[in-house]
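Scroll down for the structure; my scribbles are underneath it.
Naming convention: chains lettered A, B, ... in sequence-line order (proteins, then strands); numbering from 1 in each chain.
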Number of protein chains: 2
Amino acid sequence: MQSSPRVTCMTDPLRPGSDPLPSEAGAVDLLGILAYGALVAFDRLVDDARRAPSWAERVHVVRLAAHQVAHFEAVETRLAALGVDVLAAAAPFQRAFDAFYTHTAPKDWLEGLVWTYVGNGFAADFYREIAAFVDPETRAVVLAVLAEGVHNDFIVETVRAGITADPKVAGRLALWGRRLVGEALSQAQRVAADRDALTALLTGATEDAGMDLAAMSRLFSTLIEKHTVRMRTLGLQA
Amino acid sequence: MQSSPRVTCMTDPLRPGSDPLPSEAGAVDLLGILAYGALVAFDRLVDDARRAPSWAERVHVVRLAAHQVAHFEAVETRLAALGVDVLAAAAPFQRAFDAFYTHTAPKDWLEGLVWTYVGNGFAADFYREIAAFVDPETRAVVLAVLAEGVHNDFIVETVRAGITADPKVAGRLALWGRRLVGEALSQAQRVAADRDALTALLTGATEDAGMDLAAMSRLFSTLIEKHTVRMRTLGLQA
C-alpha cells in the first residue's frame, strides 16, 4: 500500500509535529479525486461537443464542460484552505482515471452522452459515500459540486430521443453502459486498494488503515444499484 | 451584399411595424461575432491544453477555455434581452471564423499560445472599435467581456520564457504572428464587406449602408498598429 507523503503538510497546527489526522488525509484524497475527475470529464465533454449533430447541442455540451472547470476550481479553493496544492492532491489518481478514459472512448454522440451520464453519476455516488466521513467544510464543497448534476436533463432527453428515433441503438447503448460500470468498478477498486486514507474513512477504521473487504463490497453493491436506476432512466437495461 | 432577415425581430416596440434601427442591427452583429468568436477561441484553447508540457500549464489553459464559455453566456444574455437567439446572431459569421480556424492550425504549444494572444487581441481591438457605436447596454457587455483579457500574463510569460530557452523559435513565431494577422485581416475584411449593419456603424453612415473604404482602411491601420505592439510584448518582431 502506498503512503501519502504529500499530506505531511496537513498536520494539525494546534498539535505541532503530530501526524496528519487520518480524516484530513481522506478529505485531501477525496478532493484530489474530484479535481482530477473534473479534468477528465472536461476532456470527454469537449470531444462530445465536437461530435454534436447541431450547434445548439454543441453549445449545450460546451457549457457542461465549463461547469467541470468550475467544479475543479471549487475543489482547488477548499484544498488551498487545507494547505494542499490541487495538482499534488490529484496526482495519485491520474493513473486510474487515465486508464478509465482510454479504455472507454465513445464511438459516437450518444455513447459520449451515456459516458458522461453513467460515469459522472457513478463517480458522484462514490464521492457522496466518502463525503459522509470528512470534515463539514469539505463535505459542503463536495455536495455543492455534486448538486450541479441537475444539467443531466439534457442528456436524458437526448438519449431517450435517440432510442425512439432508432430503437436498435438501445441494445448497443445498454452494452456500453455495462462496460462503463465494469471499468469504473475496476478502477475504483484499484484506487481503494491503493489509498489507505480513503479506505480508512469508508471502513471507519481510522487507526488501522487496512482495507475492510466487507465494507468495500457493501459500497460497491450500493453503487451498482444506483447505476441500475440510472440506466433505467435513460431507457436502457443495466 | 447580404441582407439581415433575422434582425426583423429587432423592430422598436414603440414604433410597431417599423424597420429595425440600423444601430440595433449593428449591435446584434457585434454580439453575434463575439459569441461565435468565443466558441472558436474555446476550441483552440482546448487543443492547446492537450499540448501543454505540464499539468499546471494544462489547467491554466483549461481555465482560459472556461472563460470563453462565460463570455459566450454574457453575450447570449444581452442578445436575449434584445429578443435575438445567440446562435441565429452568430450564424452569419461562422464561415469567416471557421476559415480562420482551419487556415491557422498551430503546430505546437507556443504557436497555440501566440494564436490565442494575437488572435484574441486582434479581435478585441476590432470589437472595441465597433462597440463605440452601439447602445450603452451592449457596449457595457462587450467591454466587460473584453476586460477579461488580464489573463494574458500567463501567455506572455510562457512565450518569452520559450524564446529565452531556445532563441531560434523567435523567428518562426514572428512569421507565425504575421500569418495570423494576415488571415485575421482577410477574414475581417470579408465580414465587413458582407455585413451592411456593421460597416454602417463604423462609417457612421447609418442611412446609407454602403461600405466606406477610407473608414475601413483607417480601422485596419489602427488594428495593425496595435498588433505590432502586441508582438513586441511577446518579444517578437511584427
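Considering only heavy-atom pairs separated by less than 4.5 Å from chain B, the leading option among A:Asp85, A:Val86, A:Val62 is A:Val62.
Within the 4.5 angstrom heavy-atom criterion, no atom of A:Gln68 approaches chain B. For a residue to count as touching a neighbouring chain, one of its non-hydrogen atoms must lie under 4.5 Å from one of that chain's; by this rule A:Ala56 touches chain B with backbone and side chain alike.
For the pair A:Val59 and B:Glu73, the minimum side-chain heavy-atom distance is 4.5 Å or more. A heavy-atom distance below 4.5 Å is not found between the side chains of A:Leu87 and B:Arg58.
In B:Arg95, the CZ atom is not crowded: 12 or fewer heavy atoms of neighbouring residues, nucleotides or ligands sit closer than 6.0 Å.
Under a 3.5 Å cut-off, the side chain of A:Arg63 and the backbone N or O of B:Ala70 do not form any donor-acceptor pair.
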Quick one: do B:Val69 and A:His67 satisfy side-chain contact (heavy atoms from CB on, under 4.5 Å)? Show the steps, please. CA-CA 10 Å; B:Val69 182; A:His67 287 146; over 6 Å; no
